[in-house]
Structures are given as C-alpha cells and as structure tokens.
Amino acid sequence: MKRIIPPVKGTRDFYPEQMALRNWLYSTVRAVSESFGYQEWDAPFLETLDLYAAKSGEELVKKQSYVFTDRGGDEITLRPELTPSLARMIAARQNELVFPVRWWSFGPFWRYERPGRGRSREFFQWNIDMLGANGAEADAEMVAIAAAFLKAVGLTPAQAQIYVNNRGLMDTEFDKLGIKPEKKADVSGLVDRREKMNAEAWETNAVEIGLSASQLEGLKSILEDRERWRNSEELTRLFKTLETLGFLEYVKYDPNIMRGLLYYTGTVFEAFDISGGVRRSILGGGRYDNLLRDVGGEPLPAVGFAMGDVVISLILQELMLLPKLPISPAPVLVTVFSPELLMESISLAADMRLNGLKVVCYPEAAKLPKQFKYADRMGMRVVLVIGPDEANTGKVTVKNLSNGTQETIDRSKVSESINKILESQ
RNA sequence: GUGCCUGUAGCUCAAUGGCAGAGUCCCUGACUGUGGAUCAGGUUGUUGUGGGUUCGACCCCCAUCAGGCACCCCA
C-alpha cells in the first residue's frame with residue numbers, strides 16, 4: 001500500500017456513514033431545542049485569545065487551546081468553548097435584544113487534550129442557554145430540555161440520569177460547618193473529586209486541605225444526605241416544576257455535583273450514562289449569573305448547558321440506540337441495459353426527478369447483475385429496467401427489491417408505482 | 001504528562017528465530033434480461049516506520065509513530 005498522509009491526531013474523518021449520524025444528532029438537537037422555542041445561532045470558530053483569558057480557566061486557555069499568531073501578528077484561538085462568545089455577543093447588543101433570550105447552537109470546538117475513548121481534539125458541541133430570566137423555573141426548563149433530549153434519543157431513566165445540586169445550598173451548608181470563605185473553592189474541588197478517588201485517599205486529601213475531623217464528618221454526612229435539597233427553596237421549586245413538566249423521573253438531587261469552579265452561581269447539573277459500571281458524563285451546565293457583568297456587560301442572569309457529540313454517540317452506539325440511516329439518499333436506481341438505451345434510461349431518471357423522486361441512474365451500460373448488486377449494496381428499494389422489449393412498447397419494468405416482485409407497466413404509471421412501493425415500507 | 005498492552009491483505013485475525021497464512025470482502029464464472037443465497041476459480045502484503053542482534057527476524061533489542069486500557073488533568 002502506498003503511504004497515505006495521516007489525519008491530524010485527535011480528529012475524525014466523516015465518511016458518509018458517520019456524516020449521516022452527525023446530521024441525525026444535529027437534527028435531534030434542533031428538534032428538541034426548537035420544541036422549547038430556542039433560536040439557532042453561532043459564533044466565529046476563531047476568536048482572540050483575550051476573550052478566553054478574561055474568564056475561562058487557566059488550564060483551558062494555556063494548555064488546552066489551539067493558539068496561533070496570524071499574519072497580522074494577532075493571537076488567535078480555535079474556540080475551545082462557546083460561552084465566552086455568547087457573553088461577548090449578548091453584551092454587544094444588550095440594549096436591543098428581546099429578553100429572555102433563548103439560543104442554541106451546534107458546532108465544532110477544539111481542545112488540545114490527549115485523545116482517547118470518548119474524547120477527541122476536534123468535536124461538536126450542543127450549547128443551549130437562556131439569558132435574562134432568573135428563578136428556579138428557568139433552571140427547571142433547562143434541565144427539562146436536557147431530559148427531553150435524553151428521551152428523544154431513546155435513553156430511559158434507567159440508562160441516563162440528570163443529577164442536580166445548588167451552589168447556594170452548598171455554600172450555606174459549608175457556612176454551618178464553619179468552613180471559611182477562602183477555603184470554599186478548595187472544598188468544592190474536593191467534593192468534585194469524591195467520585196473519582198477511593199475513600200481513603202479522598203479523606204487524606206480533605207485533611208491536607210485543612211478540614212478538621214468534625215468538618216470532614218459533617219461534609220460526609222451532607223454528601224450522603226439525599227434529602228437535603230428540601231432545605232433549598234430553589235431546589236424545591238425546581239423539582240416541583242420538573243414534575244409538572246413531566247421529566248422528574250430523569251432527575252435526582254446529588255450533593256456531589258459541583259462542576260468546576262468557574263462561572264456557576266446557583267443550580268448546577270450533569271447528566272450521566274448509568275447503564276454500565278462507570279458513570280460517564282453526557283452533558284453538564286448550570287446557572288451563571290455573574291458572567292455578563294464579568295465580561296463588561298450589564299448584569300444578566302443566565303442558565304445553560306453543553307453536550308459534546310463524542311460521548312453521547314459512543315453511549316448510543318453501545319446501547320444500540322443509533323438509528324439505521326439510509327446509505328444512499330436515493331431509493332431508486334435506473335439501470336442501463338445497453339449503450340444504445342443509455343439515453344432512454346437517463347431520460348427516464350430525469351422524468352422521475354420531475355415527479356419529486358430521488359433517483360440514481362447507473363452511469364454506463366454494465367451487466368444487469370452488477371447493476372442490481374450495486375442497488376442492493378447501496379440500500380436502494382426500487383430498480384427500473386428499460387430493455388429492448390420495454391423501449392419498443394413504451395413500458396418500464398419496476399422491481400421491488402424488498403420482496404423481489406416486479407411488473408412491467410406504462411412509463412406514465414411508473415412514478416405512481418414507485419411511490420406505492422416506497423410508502424409500503 | 002505517567003504506566004501497561006497492541007500494530008501482519010481493504011476488514012477480522014493466525015503464523016512461539018527457518019517458504020507470510022485463513023476467514024471475510026472484492027473480481028470472474030456457474031446464471032448471455034435481474035440483487036441478497038449456494039458452488040468453483042482468482043487478485044490482494046516493503047508484517048506501522050527507522051535502526052540493531054543473527055547464517056537467517058512478523059517473532060529478540062532500541063528508538064519512533066499510531067491506537068487501546070488504567071492513572072493524571074478537565075468537563
């Protein structure tokens with residue numbers, strides 16, 4: 001084999017089969033987003049480094065971003081996330097937009113990470129946000145959208161769950177334990193790591209951070225108490241709204257969910273695949289009421305979440321929930337019997353297209369078995385044949401590939417016959 | 001970034017220092033106007049790459065690249 005230049009590490013090639021899946025995911029995301037009245041939008045794929053330096057974590061900017069200097073000497077970044085672009089664009093038109101703004105987006109992002117199972121350097125991400133609405137009911141809508149998506153792709157509550165927590169509640173609980181404000185970030189990080197470490201190492205870590213024995217015991221009892229959400233008015237309203245929306249079975253309170261440290265201020269949530277032994281994160285988000293103010297806009301409450309395409313595709317594939325998508329967009333093949341009849345076939349195909357059918361015409365006269373085999377492998381459902389007999393009598397043979405039956409009929413009745421076959425499914 | 005495992009035909013994999021193979025796919029024919037099934041025949045390789053050891057390397061050693069798994073990090 002000749003040497004083929006390899007693709008860039010961490011990128012994926014989208015052959016038609018994978019492209020069909022990507023588009024299917026996109027269309028599902030679109031359907032769910034639009035059912036809640038969200039508008040599609042997008043930002044540039046290239047942004048200045050400054051945009052992320054302002055508010056994203058150092059890790060994301062310094063180690064995980066693709067940064068290059070363009071010919072004009074500016075530092076440019078391939079966008080690693082969408083929220084800073086959202087904040088920038090909202091802030092620029094803060095006085096003319098109609099609030100609350102409900103926007104969604106599906107596009108490519110880049111992060112220079114170590115590629116592995118469920119992780120690539122170039123990926124697609126669904127982002128959906130509501131800005132200008134405060135309150136637990138808005139948070140509930142966002143969680144409901146996530147649940148509606150899980151349901152739309154066929155994941156049951158037994159396979160996927162959305163775990164919800166509230167930063168405000170945790171803050172109050174930390175206060176009760178006497179954890180000082182300057183320690184809260186460390187403790188949040190500790191909570192975030194709990195699921196990933198063994199119990200012993202986690203407790204050692206807690207002591208290193210400076211928790212006393214009684215604080216550690218208090219923290220553990222908070223993290224094991226699944227009813228403490230009742231102490232939070234916001235969470236109480238959120239769960240009530242989710243019940244009314246009909247998605248409560250997908251949602252649970254989980255005090256272990258903290259979600260990094262950056263811009264989240266209230267409700268935080270994360271959806272996991274729980275069908276296997278390992279909890280895999282499908283999507284995550286929460287309320288970030290300070291971001292607009294932090295990037296120089298007027299204060300504006302906001303809530304949203306993001307979902308990468310890689311993990312969800314992997315999960316759906318493992319659970320065999322991916323739909324069988326047609327290989328060829330055209331279900332009809334017109335065969336070419338002989339060189340003399342080539343124009344006859346091309347003309348028939350053109351006719352069928354005028355009737356609104358998606359049609360492929362074989363490009364040359366080849367042996368019929370070969371052409372039928374092509375139709376079969378391309379997943380086509382109807383094959384048309386014009387041989388000398390049909391050409392002389394103005395007829396066409398229509399074969400239904402799913403059951404092997406065929407009939408020879410007047411050319412004028414062909415499209416009707418095809419439609420009947422395609423409808424029969 | 002760290003450790004372990006893997007890399008052989010388009011694909012899935014054999015070959016334990018001695019002639020590189022099988023299944024599948026593909027092509028041809030059985031079937032000169034009909035796909036899937038069956039049967040027969042045929043093509044397919046710088047064994048990831050570069051060095052080294054050896055009379056001789058897919059096999060052993062070193063390096064490198066790529067992929068997988070577990071950490072680390074992150075969401």
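Residue numbers begin at 1 in each chain, while the letters A, B, ... track the order of the sequences. If you're wondering where the values come from, they're calculated on a predicted model, not measured in any experiment. Because only heavy atoms are used, hydrogens play no part in the values below, and waters and symmetry mates are left out as well, while side chains stay in.
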Runs of at least three Watson-Crick or G-U pairs with RNA chain B, cut-off 3.5 Å: B:1-7 with B:65-71, B:10-13 with B:21-24, B:26-30 with B:38-42, B:48-52 with B:60-64
Close approaches to RNA chain B from residues 359-369 of chain A, in residue order (heavy atom, under 4.0 Å): A:Lys367, A:Leu368, A:Pro369
Residues which pass salt bridge (charged side-chain N to carboxylate O under 4.0 Å, His left out) with A:Arg228, listed by chain and number, not counting sequence neighbours: A:Glu173, A:Asp225
Partners passing side-chain hydrogen bond (donor to acceptor under 3.5 Å, both in side chains) against A:Gln406 (at least two apart in sequence or in another chain): none
Salt bridge (charged side-chain N to carboxylate O under 4.0 Å, His left out) contacts touching residues 17-44 of chain A (sequence neighbours left out): A:Arg30-A:Glu34, A:Arg30-A:Glu40, A:Asp42-A:Arg79
Partners passing ring pair (Phe, Tyr, Trp, His ring centres under 6.0 Å) against A:Phe109 (at least two apart in sequence or in another chain): none
Spacing of the P atoms in B:rU43 and B:rA22 (rounded, Å): 11 Å
RNA chain B contacts among residues 391-403 of chain A, heavy-atom distance under 4.0 Å: A:Thr397, A:Lys399, A:Leu401
Under 4.0 Å protein heavy-atom contact, by nucleotide of nucleotides 63-70 of chain B - B base, S sugar-phosphate only: ---SS-S-
Strand-adjacent residues in residues 156-165 of chain A, judged by heavy atoms under 4.0 Å from RNA chain B: none
Residue pairs involving residues 366-378 of chain A (criterion side chain to side chain donor-acceptor pair (under 3.5 Å); sequence neighbours excluded): none
Neighbours of RNA chain B within residues 338-352 of chain A, by heavy-atom distance under 4.0 Å: none
For A:Arg411, all residues meeting salt bridge (charged side-chain N to carboxylate O under 4.0 Å, His left out), sequence neighbours excluded: A:Glu344, A:Asp351
Side-chain H-bond candidate by donor/acceptor type, A:Asp129 with A:Tyr288, under 3.5 Å: yes
